[in-house]
Amino acid sequence: MEENKQEDGFSVLRVLKVVFRRPWLFAGIALLLAVALFLGIRFGVNPVSSEYYIRFSLEFPGIETRRYPDGTAFRYQDMVGLANLDAVKGADGAFLSLNVSDMYEESDITLTAETTTSEEGETEYTGYYTLRVKASYFRNADAARSFLRAVARTPIEYVNRVSTASDWGFYLSQYAQADTYSERIDLLAAQRDYLSGKYDELIATYGENYSVNGKTLLSYRADVNAVMSKNQQLLFSSELQANGYLYDEIAARLQLQSLTYELQTNLEMLELLPDGSLSETVGEKALELIERNAEIEREMAALDPDGDGEILYDAEASAAFGARMDDVCSRFADVTDVYTDVYGSILRTESAVLFDSNRVQTDGGIGTVLSLLLSVAAGVVLSFGVVLLLYWKRDRAAADAPSDTDQKTE
């Protein structure tokens with residue numbers, strides 16, 4: 001009697017018999033549970049517990065001094081600042097749905113500079129950065145990869161903007177405002193020395209034989225000096241002084257008045273200096289005033305050789321001299337444009353972001369293979385538990401039901 005009751009009641013062996021009699025039912029329940037668990041791990045657990053990251057290095061002229069080529073400070077943490085994240089988001093329509101404000105405020109995006117410790121205990125920068133972002137902001141790894149690489153490229157994009165936005169023709173812009181030929185000659189010489197110096201800086205960094213568009217930096221610098229050499233500058237100045245060319249008559253009259261006033265002032269200052277045993281300082285001042293007065297008289301003589309207040313002005317000869325100056329200015333404008341192209345080409349060539357991998361890496365969370373194995377194993381166990389629960393309830397219901405013997409007794 002006891003044996004029959006055990007056989008008719010609940011037992012693990014009996015459940016196993018049911019499982020093996022209906023394997024498709026058991027497998028179906030296990031599969032559904034496994035899929036649900038896998039999706040839960042993939043889209044529920046992993047996004048909140050894992051990060052995407054990339055490792056990269058930056059190269060551009062000036063990075064070793066933590067400066068951009070235009071002199072602006074390079075602070076790598078600015079790359080994950082809200083302003084930069086907003087700029088990256090706005091530059092690509094694919095990122096418009098990203099909540100970069102929360103990403104920034106919650107520190108869900110971080111950038112670290114990798115360092116090592118030397119034998120002397122000093123911290124040394126390795127040149128590499130690691131950029132991390134919480135996975136929950138992205139629908140997949142490809143979207144995260146695109147965003148992280150865009151953030152990493154922002155310093156290089158800034159360098160590229162610098163290469164085309166810089167103004168190297170400052171002295172040429174001043175040339176147009178100058179109203180004397182003497183001043184214009186000085187400004188052209190200043191532009192020559194400035195451009196030549198900029199090429200010297202590039203040569204010091206990359207070497208005189210560094211080639212841009214098939215031409216060396218040394219050749220480019222020679223082109224600048226050929227526009228107006230120092231000897232040509234002296235010849236222009238000598239010709240100007242000898243012939244008294246004037247930019248215009250009104251400016252010349254104003255200049256003559258200014259020189260006359262300066263000469264009179266200097267003479268009055270000389271009269272006020274004490275006579276006799278002059279101190280060394282007073283003597284130097286007197287000599288300075290005397291030399292300046294001699295120079296003023298030469299300039300006044302060029303403007304007014306007869307000393308009658310009438311300006312010596314040959315309009316045709318002055319205009320011809322001015323046209324030659326303008327031609328030199330135009331040629332300096334051309335070589336300035338060339339320098340802009342050369343400098344920009346060097347910056348673009350020497351600037352890059354180098355990624356360790358073309359793929360984004362994942363840190364934290366549960367891997368796909370492990371997630372699948374865990375889901376299948378848990379699905380099988382849970383499916384077996386479901387079957388146990390179902391048959392336990394059925395057997396309890398059967399045990400609680402009145403038997404035929406009880407009904408007859410009543």
Side-chain angles (χ1 to χ4, degrees), residues 51-81 83-95 100 109-116 124-133 138 141-168 198-218 220 338-363:
E51 294 178 322
Y52 293 118
Y53 72 93
I54 57 173
R55 186 171 180 264
F56 65 95
S57 62
L58 293 169
E59 293 180 359
F60 59 80
I63 191 173
E64 66 280 354
T65 61
R66 294 292 187 270
R67 294 270 174 196
Y68 285 110
D70 64 349
T72 303
F74 166 66
R75 302 180 182 89
Y76 71 90
Q77 286 295 346
D78 289 344
M79 296 167 63
V80 291
N84 195 57
L85 297 179
D86 275 331
V88 172
K89 173 183 175 178
D92 193 328
F95 305 141
V100 294
I109 183 168
T110 59
L111 179 65
T112 56
E114 298 183 13
T115 58
T116 58
E124 298 177 351
Y125 172 57
T126 65
Y128 283 93
Y129 301 92
T130 301
L131 180 60
R132 296 175 176 272
V133 66
F138 303 93
D142 288 338
R145 172 183 176 273
S146 297
F147 180 74
L148 291 178
R149 290 171 74 94
V151 172
R153 281 194 297 267
T154 51
I156 306 305
E157 292 177 355
Y158 179 82
V159 171
N160 290 337
R161 290 196 299 273
V162 167
S163 69
T164 57
S166 300
D167 180 15
W168 309 109
K198 298 303 290 185
Y199 276 117
D200 285 339
E201 292 175 7
L202 294 178
I203 289 172
T205 302
Y206 303 106
E208 61 184 21
N209 292 320
Y210 187 100
S211 179
V212 179
N213 299 325
K215 193 171 181 176
T216 66
L217 293 177
L218 187 63
Y220 283 117
V338 170
Y339 176 79
T340 300
D341 292 338
V342 169
Y343 180 73
S345 178
I346 290 176
L347 286 191
R348 290 188 292 273
T349 300
E350 300 297 328
S351 303
V353 54
L354 307 175
F355 296 98
D356 259 14
S357 173
N358 288 327
R359 301 176 61 186
V360 69
Q361 306 297 314
T362 305
D363 197 9

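Pairing each heavy atom of M79 with each of V151, the nearest pair is O-CG1, 3.5 Å. When all heavy atoms are compared, the tightest approach of R67 to G71 is NH1-O, 2.9 Å. Nearest heavy atom pair, residue G344 against residue S163, reads CA-CB, 3.4 Å. In plain terms, the two heavy atoms of L347 and P69 that are nearest each other are CD2-CG, 3.8 Å. The heavy-atom pair separating T110 from V80 by the smallest distance is C-CG1, 4.4 Å. Pairing each heavy atom of A152 with each of F355, the nearest pair is CB-CE2, 3.8 Å.
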Distance-only criterion, 3.5 Å: show the donor-acceptor pairs between side-chain atoms of residues 57-65 and protein atoms not counting sequence neighbours.
residue	atom	partner	partner atom	Å
T65	OG1	G62	O	2.8

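Rounding to the nearest 0.5 Å places CG of N84 at 7.5 Å from CG of D78. Here the CZ-CG distance, from R55 to L354, works out to 11.5 Å after rounding to the nearest 0.5 Å. Remark: T130 OG1 to E51 CD distance equals 11.0 Å, nearest 0.5 Å. Going from atom CG of L217 over to atom CG of L202 covers 6.0 Å, rounded to the nearest 0.5 Å. Atoms CD1 and OH, on I203 and Y220 in that order, are 12.0 Å from each other to the nearest 0.5 Å. Of the inter-residue distances, the one linking I109 atom CD1 with L85 atom CG reads 5.0 Å to the nearest 0.5 angstrom.
Judged as a side-chain hydrogen bond (donor to acceptor under 3.5 Å, both in side chains), the pairs with a partner in residues 199-210 (not counting sequence neighbours) are, in order, K198-E201, D200-R221, Y210-E350.
Using a 4.5 Å cut-off on side-chain heavy atoms (C-beta onward), W168 and Y343 make contact. Between P155 and Y76 the shortest side-chain heavy-atom distance does not fall below 4.5 Å. A heavy-atom distance below 4.5 Å is found between the side chains of L148 and Y52.
Aromatic ring orientation, Y129 versus F74: perpendicular (interplanar angle above 60°, classes split at 30° and 60°).
With hydrogens and angles disregarded, a donor-acceptor distance shorter than 3.5 Å links the side chain of T126 to the backbone of E114. Using modelled atom types, no side-chain atom of S345 and backbone atom of V342 make a donor-acceptor pair closer than 3.5 Å. Without hydrogens or angle criteria, S146 side chain to D142 main chain gives a donor-acceptor distance under 3.5 Å. Side chain of R145 to backbone of N358: a donor-acceptor contact under 3.5 angstrom is found. Here the side chain of T164 pairs a donor or acceptor atom with the backbone of R161 at under 3.5 angstrom.
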Next item on the list: For Y158 and T154, run side chain to side chain contact (heavy atoms under 4.5 Å, CB included): C-alpha distance rounded to whole Å, both residues' side-chain angles, the deciding distance at 0.1 Å, then the answer.
Entry: CA-CA 6 Å; Y158 179 82; T154 51; over 6 Å; no
Next item on the list: Decide side chain to side chain contact (heavy atoms under 4.5 Å, CB included) for V100 and F95; before the verdict, give the C-alpha distance in whole Å, the side-chain angles of both, and the deciding distance to 0.1 Å.
Entry: CA-CA 9 Å; V100 294; F95 305 141; over 6 Å; no
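Counting heavy atoms of neighbouring residues, nucleotides and ligands inside a 6.0 Å radius, atom CZ of R66 exceeds 12 of them.
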